[in-house]
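The block underneath contains the structure these notes are about, expressed in C-alpha cells.
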Number of protein chains: 2
Amino acid sequence: MESRCENCIIRQFNSLRAMSKEELKQVSDSKTTKILKKGESLFEEGDKLNGVYCVRNGVSKLSKLSANGKDQIVKLASKGEVIGQRSVIAQENTNLSAIAVSDMEVCFIPKETITHTLQKNPNFTLEVLRHMAHDLKEADDVIVNISQKTVKQRIAEAILYLKNNFGEDKDGFLALTLSREDISNVVGTATESAIRIISEFKKKGLIHTSGKKIGIKDEKKLQDMVEGF
Amino acid sequence: MESRCENCIIRQFNSLRAMSKEELKQVSDSKTTKILKKGESLFEEGDKLNGVYCVRNGVSKLSKLSANGKDQIVKLASKGEVIGQRSVIAQENTNLSAIAVSDMEVCFIPKETITHTLQKNPNFTLEVLRHMAHDLKEADDVIVNISQKTVKQRIAEAILYLKNNFGEDKDGFLALTLSREDISNVVGTATESAIRIISEFKKKGLIHTSGKKIGIKDEKKLQDMVEGF
DNA sequence: ACCAACTACTGATAAATGTCATATTTTTAA
DNA sequence: TTAAAAATATGACATTTATCAGTAGTTGGT
C-alpha cells in the first residue's frame with residue numbers, strides 16, 4: 001500500500017508543499033494510512049492529538065457539541081486539507097470532533113515530525129500560518145452569516161457551498177450527501193426547520209430531491225435568496 | 001515621546017516577544033505612534049493595510065458590516081494585542097473594520113518589517129502562528145455560542161466576558177463601557193432586544209446600571225444563566 | 001445652563017424559529 | 001426480501017426575537 005509523500009499530489013493543496021525533499025521523506029517514513037467508513041470518528045472533542053491527519057479522500061465534519069446537546073459543524077474538510085493542525089500547534093487538546101461524512105482515506109502524521117519541521121523550516125511555518133489566516137477569515141465570515149442571516153438564507157448558502165466545494169454527480173445531485181441533521185448542524189438550526197425549508201425550496205422549484213439527495217434547479221434564485229431578495 | 005520597543009512591556013503579551021534585540025530595534029525605528037479618540041477608526045473593511053497596529057492602550061472593536069446594514073463585532077482587541085496581522089500575512093485586503101471604543105494609543109508597524117521578520121525568524125513565525133491558532137479556537141467558540149445559545153445567555157456571557165477581560169472600576173461598574181448598540185453587535189441581536197434583556201437582568205437583581213454603565217451584582221446567577229439554568 | 005442630537009427605554013405587534021407529536025418514507029441489516 | 005430502525009416530512013402550537021413607533025433620559029457643544 002505504500003505510497004510515498006514525495007509523489008503524493010494531494011500535498012500540492014496544503015502546507016506540506018513547502019517542505020523540502022528531505023522533510024517529505026521523513027513525513028513519508030513516519031506516516032500511517034488509515035481508512036474510515038462514513039460515520040467513524042478520527043477523534044473526539046477533548047482528545048489529545050498525537051499528530052495531524054492529511055485527507056486523501058472523502059470528507060470529514062469538524063464539530064463541537066453545545067451544552068444543549070446539539071452539534072455545531074464548524075468546517076467540512078476534504079481532499080488536501082490537514083485536520084488537527086490547530087490543536088497540535090497550540091499544544092492543546094482538540095476543541096472539535098472529526099467524524100467522516102463519507103468514506104475516507106487519511107494519512108496520519110505524528111506531531112513530532114510536524115513540530116520539528118515548524119522549528120526548522122520557516123517557509124513551512126509561514127505556509128501553515130497563511131492557511132490558518134485563511135481559516136480565521138472564513139470563521140469570521142461564518143460568525144457574521146450566522147448572526148445576520150435568516151435560516152432560509154443560510155440553508156440556501158449551504159446548498160450552494162456544497163455544490164461549489166464538492167460538485168455534482170452525473171444525475172445533477174450534490175456529490176456530497178449530508179443528512180438533514182448535518183445540514184441543520186452546519187447552518188445552526190433545528191433539524192425540523194431545515195427540513196421544512198428544504199421542502200419549501202423544493203415546492204418553489206429551486207431544488208429537486210430524491211431521498212436525502214438534493215439537486216440544484218435554479219442556482220440564480222438560490223443566490224438571490226442568500227443576498228436577501 | 002519616543003519610547004523604544006526594546007523597553008516596551010506591552011510586547012511581552014504578544015508575538016513580538018519572540019523577536020531578537022536586533023529585530024526589535026528595527027521595529028522601533030520604523031514604527032509610528034498614533035493616538036485615537038473613541039469612535040475614530042484605525043481602518044475600514046476592504047482597506048489595504050500597510051502594516052499592523054500594536055495596542056498600547058484602549059480598546060478597539062473589530063467588526064464586519066453585514067448585508068442588512070448591521071455590524072457584527074467579531075473581537076475586542078486591547079492592550080498588547082496586534083491588530084491587522086491576519087490581513088498582512090494573508091496578503092489580502094482586510095475583512096474587518098477597526099474602531100476605537102475607548103481612547104487609544106497604538107503603534108503602527110510597517111508590514112515590511114513584519115514580513116521580513118516572518119521570513120527570517122522561525123521563532124517569531126511560530127509565535128504568531130500560536131496566537132492565530134488561539135484566535136481561531138476562539139472564533140470556533142463564538143460560532144457555537146451564537147448558534148446554540150439564546151440571546152439572553154449570550155448577553156449574560158458578554159457581561160461576564162467584559163468583566164473578566166477588562167475588569168471593573170472602583171464603583172463596581174465594568175471598566176469598559178460599551179453602548180447598548182455595541183453590546184447587541186457583539187451578541188448578534190437587535191439593539192432593542194439587548195436593551196430589553198439588560199433591563200430584565202436589572203429587575204432580577206443580576207446587575208445594576210447607571211446610564212450606559214453596567215455593574216455585576218450576582219455573578220453566579222449570571223454564570224448559571226450562561227449555562228442554561 | 002441649555003438646546004440639539006444621540007442613546008436608552010418601553011409597548012404593541014409581527015415574524016421567525018423551536019418544540020412536540022405523529023405519519024410517512026428510506027435505509028439498514030438480518 | 002423483509003422487518004426494524006432511522007431519517008424525512010408535516011401539522012399545531014409555543015417561544016423567541018425582530019420591528020416599528022414613540023417617550024424619556026443623557027451627553028456634548030456653545
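Letters A, B, ... are given to chains in the order of the sequence lines, protein chains preceding strands, and every chain is numbered from 1.
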SB check B/Glu192 B/Arg180 (cutoff 4.0 Å):
no

Starting at atom NZ of A/Lys212, determine the distance to atom P of D/dA9, rounded to an integer number of angstrom.
11 Å

Taken to the nearest whole Å, CD/B/Glu192 to C1'/D/dT16 is 15 Å

Using heavy-atom distances to pick each residue's nearest nucleotide on DNA chain C, tell me which of A/Lys38 and B/Ser179 is more 5'.
B/Ser179

Measure the acute angle between the ring planes of A/Phe166 and A/Tyr161, then classify it against the limits of 30° and 60° as parallel, tilted or perpendicular.
perpendicular

Please classify the nucleic acid contact of A/Thr191 as base, sugar-phosphate, or nothing, using heavy-atom distances under 4.0 Å.
nothing

Whole Å only: how far is the CD1 atom of B/Ile146 from the P atom of D/dT16?
19 Å

To the nearest Å, give me how far apart CG (B/Asp103) and C1' (D/dG28) are.
14 Å

Nucleotide D/dT8, atom P - distance to CD of A/Glu181 in whole Å:
8 Å

So B/Asp182 and B/Val101, side-chain contact (heavy atoms from CB on, under 4.5 Å) or not? Walk me through it.
CA-CA 9 Å; B/Asp182 278 341; B/Val101 291; 3.9 Å; yes

Regarding B/Asp141 and B/Lys137, does a basic nitrogen lie under 4.0 Å from an acidic carboxylate oxygen?
no

Starting at CZ of A/Phe201 and ending at P of D/dT10, how long is that distance when rounded to a whole Å?
15 Å

Would one find a side-chain N or O of A/Ser199 under 4.0 angstrom from OP1 or OP2 of D/dT10?
yes

So does B/Arg196 reach the base of D/dT19 with its side chain, donor to acceptor, closer than 3.5 Å?
yes

Note: chain B reaches DNA chain C at heavy-atom distances under 4.0 Å over the stretch, first to last nt, 5' to 3', of C/dT7 to C/dA12

When you look at A/Glu181 and A/Ser184, which way does the side-chain hydrogen bond (donor to acceptor under 3.5 Å, both in side chains) test go after all the steps?
CA-CA 5 Å; A/Glu181 189 180 4; A/Ser184 75; over 6 Å; no

Is there a side-chain hydrogen bond (donor to acceptor under 3.5 Å, both in side chains) between A/Ser102 and A/Lys38 once you walk through the steps?
CA-CA 4 Å; A/Ser102 65; A/Lys38 178 175 170 178; over 6 Å; no

If you pin A/Gly211 and B/Lys149 to their nearest nucleotides in DNA chain D, which one's is more 5'?
A/Gly211

Between D/dA7 (C1') and A/Asp182 (CG): distance, integer Å
12 Å

Cationic N near anionic O, under 4.0 Å, B/Lys64 to A/Asp140
no

Can you tell me if the side-chain N/O atoms of B/Ser193 get under 4.0 Å from OP1 or OP2 in D/dT16?
no

Atom pair distance, as rounded to whole Å: NZ in A/Lys203 and C1' in D/dG11:
11 Å

